[in-house]
Structures are given as C-alpha cells and as structure tokens.
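Read the structure below first, then the notes.
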There are 2 protein chains.
Amino acid sequence: MVDVNNIDVYLKSQGIRPSFHRMKILEYLLRERNHPTVDTIFDSLRGMFPTLSRTTVYNTMKLFLSHGVVQALTIEEKEVRYDADTSLHGHFKCVVCGAVYDFGLEEEIKTFMNLKDFQINEHYIFLKGVCKTCLESREV
Amino acid sequence: MVDVNNIDVYLKSQGIRPSFHRMKILEYLLRERNHPTVDTIFDSLRGMFPTLSRTTVYNTMKLFLSHGVVQALTIEEKEVRYDADTSLHGHFKCVVCGAVYDFGLEEEIKTFMNLKDFQINEHYIFLKGVCKTCLESREV
DNA sequence: TCTAAAACTGTAATAATTACAAAAATACAA
DNA sequence: TTGTATTTTTGTAATTATTACAGTTTTAGA
C-alpha cells in the first residue's frame, strides 16, 4: 500500500506531477478509505482550502483513473465512488446505512471467472445486503 | 428462463399487470439479451409503436426492478443496463467494441465471497477487458 | 354504458458530469 | 532574477441521464 508520507514520490512514479491539490486529494483517499464520491471529496477538502474547485476534483479523479492510481466503483447508478486501493478485493454496500465495506478475495477466485480466449484486465465484485451493525440494531 | 410466449403469465406471477408496453419491453429484453440501456430499448421499440414515450420505458424498468423481473447493471458510470436474466451469472464488457457478454458462475463462487455475519442479497460480478473477436481482429 | 383506477405521455426540473476559456501557478531558459 | 511557455486550477455554461408531475388515454369491472 502507498505510504501517506511519500505521496509525491508515488505520484511521480505513476507519471503524475505531484501538485498540491493532487497530493491532498490522494492523501484524503488513503487516509479515509471511505470510497467517496466526488462530492464527498470536495466537501471534505473545501474546509481546509476553500479555493478548491469541484472541477479540479473531477479532473484529478479522471487523471488518477487513467494512470491506475484509483479504481472507479459503480456499485449503484448515480454515484461513482473512488478507491485508492487498486489491489484485488471486493466491495459490499449496505442497503440500510449506505456504508461500503472492503473484503478480501483469494487470487483463487479468478479461476472461477476464467473466460477462455478473453483478455481480462479488471475485476469488479460487488455485493449488496445488510451489514452486521444494521442487522443487530434491527433485532432490538 | 422465462418463456417468450407466456410473458403475460409470467408478469402476473410477479405481481405486475401485463400491459401491452410492459409485455413488449420484456419481450425485447428476453429476445435480444443485449443488456440494453433505457435509450437502446426506447430507440428499438419506437419503430414498432411510435407512440411510445421514454418515460414509459423508465417507469417500466423501475417497476420491473422492484419486482425482481430484471437486474440493473452498472458496469460503467453513466449507463445503467438491464438484464432480464436474474440468475447468478457474471458480465464481461469489452472495452474495445463495448459489447457485454454473460458468463456462467458456479454456486461455489459464493463461498469465496462469504462475509461473516453480513446478510448478502445481491451478487454482481463485472469483468472488463478485450473480447475474443476484438483480440483476433487486432492481430491482423 | 359509466366510472374509478391504472397506465401512458410529454414537458419541465434535477443532478452528475463535461466542456471550455480565462486566471493563476509553475518550470525553466536566458 | 526576469520573462515566457506550459501546466494546473477555477468558475460558468452546456450536456446528459433521470425524475417529477400533471394532464390524457386506456382499462377493468360494476
């Protein structure tokens, strides 16, 4: 995983000039790990530097995406979320509280998705249901 | 799989009144199996009955969705696609030609996505890459 | 046939995203 | 350091998918 203290080095290694905004946005993604939408990122960072533009967040996410620094999650229509963890893992969205959880996947799972003669570049695994916390609070 | 000749019976069994438009839209989904967007459905059926409204397609898809007659695929931002096959299977999108392919998944795969103490209602498995046809035409 | 409910239509409103042009910041050569 | 070209950022306008809504048509059944 990328070291939060060396974001500039990491961005350079990915062919991206490490501007102030870009570093702050990636730092946010790495620290919070909350699979935010553009609006969530924008609202969260605006407090710290009010000069930030929503367009910059859009531009930056598009740039990060094209350089493989983030993956885009479209678990649900009308909200694209971003994840700075680009390793193989799944996502679970709780339909009650809306939280998105990560969960691990063995490499092995790829054999179950083997498409003969197709070149597979990206794997997305989304589950929906009710998370443990929401299940427990319902039982009360 | 649902019999294309008994769509009215099937819709009734799902608690949906089988109106003319609803039957034609479901028939389209079952026949074409092309994971269409609302616009694709609209454009395809408009020729047959020009009185069709885009809003009707939206309304119908929302109705089908809430009754479990279709599933919504959000493989990519900015396009919700619909699939009348609600059984467990995966989807592959070719980034070159844009086609969406179905592929089978063993029940077994669910054990690889077991989230302890979570209630899982829906499984979505999306792959992206290059399909066989596009790979072959590139080699030329 | 008449009436109430359901379905359909078309336009207007909303929301996420993109386009674009101007302004600011940065890099770097002279 | 200064000047200039390039990159980045900003803010507004445009675009696109979707939803809201109100009026019209169709349907079911008394």
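Treat the numbers as computed from the prediction; the structure is a model and nothing was measured. Just so you know, these numbers use all the heavy atoms, side chains as well, and skip hydrogens, waters and symmetry mates. Just so it is clear: chains get the letters A, B, ... in the order the sequence lines come, proteins before strands, and each one is counted from 1.
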*Separation of dA25(C) P from L52(A) CG (nearest whole Å)*: 14 Å
*Distance test, side-chain N/O of H21(A) to OP1/OP2 of dA25(C), below 4.0 Å*: no
*Under 4.0 Å between a side-chain N/O of S19(B) and OP1 or OP2 of dC8(C), yes or no?*
yes
*When the distance from CD of E76(B) to C1' of dA16(C) is rounded to whole Å, what number comes out?*
16 Å
*Atom pair distance, as rounded to whole Å: CG in D39(B) and P in dT15(D)*: 17 Å
_Side-chain N,O (S53(B)) to OP1/OP2 (dC8(C)) below 4.0 Å_ = no
*Nearest whole angstrom, please: distance from the C1' of dT7(D) to the CG of L11(A).*
15 Å
*What about L65(B) and L29(B), same hydrophobic cluster or not, with Ile/Leu/Val/Met/Phe/Trp/Tyr joined at side-chain heavy-atom distances under 4.5 Å?*
yes
*Atom pair distance, as rounded to whole Å: CD1 in I25(A) and P in dT8(D)*: 13 Å
*Roughly how many Å is it from CZ in R22(A) to P in dT10(D), rounded to a whole number?*
11 Å
_Presence of T51(B) side-chain N/O under 4.0 Å of dT9(C) phosphate oxygens OP1/OP2_ = yes
*Mind checking what makes salt bridge (charged side-chain N to carboxylate O under 4.0 Å, His left out) contact with R46(B), not counting sequence neighbours?*
D43(B)
*Going 5' to 3' through nucleotides 19-30 of chain D, assign each nucleotide B (protein heavy atom under 4.0 Å from a base atom), S (under 4.0 Å only from sugar-phosphate atoms) or - (no protein heavy atom that close).*
BBB---------
_Distance in angstrom units between F49(A) CZ and dA24(C) P, rounded_ = 19 Å
_Qualifying residues under side chain to side chain contact (heavy atoms under 4.5 Å, CB included), relative to S66(A), sequence neighbours excluded_ = none
*Determine, using ring centers only, whether F103(B) and F118(A) are less than 6.0 Å apart.*
no
*Between atom CD1 in I41(B) and atom P in dT18(D), what is the gap in whole Å?*
10 Å
Table please: side-chain donor-acceptor pairs of residues 6-26 of chain A below 3.5 Å, with sequence neighbours left out.
unit_1	atom_1	unit_2	atom_2	d
S13(A)	OG	Y10(A)	O	2.5
S19(A)	OG	R22(A)	N	3.3
R22(A)	NH1	R17(A)	O	3.0

_Sequence neighbours excluded - ring pair (Phe, Tyr, Trp, His ring centres under 6.0 Å) pairs with any residue from residues 53-80 of chain A_ = none
*Not counting sequence neighbours, which residues clear side chain to side chain contact (heavy atoms under 4.5 Å, CB included) with E76(B)? List them please.*
E79(B), K93(B), K128(B)
